Amino acid sequence: MYTMRTQRERLWIKYDIEKIGVREFRSELPKYLYGETPVEVLRHGHTVGFYFPVKQGSKSADIAALQAVAAQFEYLLSQKGISEDDIVREFRQMCEADRANQRKDLDK
């Protein structure tokens with residue numbers, strides 16, 4: 001269970017985040033798609049992704065749900081010691097590597 005404090009609302013919110021393997025996530029996908037519990041998906045004990053279910057609703061409900069997911073994600077990143085700058089840096093490195101590979105392919 002993760003306990004987090006959202007910066008916008010200044011509230012403590014508890015989220016039960018279930019940790020499961022990729023195979024279980026795949027085989028039990030409908031359970032997680034229609035459930036309400038966020039899931040951390042693991043492969044060989046390492047996190048490969050998160051799934052945050054969002055209920056269908058009005059536009060304002062969708063915005064509120066996305067804000068809640070953003071707060072959950074922000075908290076999880078802080079727990080892993082990852083900053084927004086780290087994400088941006090890695091994204092830029094990946095884009096540059098992709099451009100370099102495209103240039104190599106054009107030179108062939």
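Since we're looking at a predicted model, the values are computed, not measured. All values below come from the heavy atoms of this structure, side chains included, with hydrogens, waters and symmetry mates left out.
Cluster membership check: Y34 does not share its hydrophobic cluster with F52, using side-chain heavy-atom separations under 4.5 Å among Ile, Leu, Val, Met, Phe, Trp and Tyr. Taking hydrophobic clusters as Ile, Leu, Val, Met, Phe, Trp and Tyr residues chained together by side-chain heavy-atom distances below 4.5 Å, V69 shares a cluster with F50. The cluster map of Ile, Leu, Val, Met, Phe, Trp and Tyr, joined by side-chain heavy atoms under 4.5 Å apart, puts I17 and V41 in different clusters. Cluster annotation: Y51 is connected to V22 through the hydrophobic network of ILVMFWY side chains, with a link wherever side-chain heavy atoms come within less than 4.5 Å.
Every side chain to side chain donor-acceptor pair (under 3.5 Å) that E96 has, sequence neighbours left out, goes to R99, R103.
Side-chain contacts under 4.5 Å among hydrophobic residues (ILVMFWY), followed directly or transitively, place M94 with no other residue at all. Here L42 is tied to no hydrophobic group at all, with no ILVMFWY side chain closer than 4.5 Å.
Taking the side chain as every heavy atom from C-beta outward, I87 and L77 approach each other to under 4.5 Å.
Of all heavy-atom pairs between P53 and G35, the closest is CB-O, 3.5 Å.
For residues 83-95, the set of pairs meeting the salt bridge (charged side-chain N to carboxylate O under 4.0 Å, His left out) definition, not counting sequence neighbours, comprises D86-R89.
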Could you pull out all donor-acceptor pairs under 3.5 Å where a side-chain atom in residues 25-33 meets a protein atom, sequence neighbours excluded?
{"from": "S27", "atom 1": "OG", "to": "R23", "atom 2": "O", "distance (Å)": "3.2"}
{"from": "S27", "atom 1": "OG", "to": "E24", "atom 2": "O", "distance (Å)": "3.2"}
{"from": "Y32", "atom 1": "OH", "to": "E18", "atom 2": "OE2", "distance (Å)": "3.3"}
{"from": "Y32", "atom 1": "OH", "to": "E24", "atom 2": "OE2", "distance (Å)": "3.0"}

> Could you walk me through whether L76 and E40 pass the side-chain contact (heavy atoms from CB on, under 4.5 Å) check?
Replying inline: CA-CA 10 Å; L76 292 172; E40 181 175 359; 5.6 Å; no

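Taken from CD1 in I82 to CZ in F73, the straight-line distance is 7.5 Å, to the nearest 0.5 Å.
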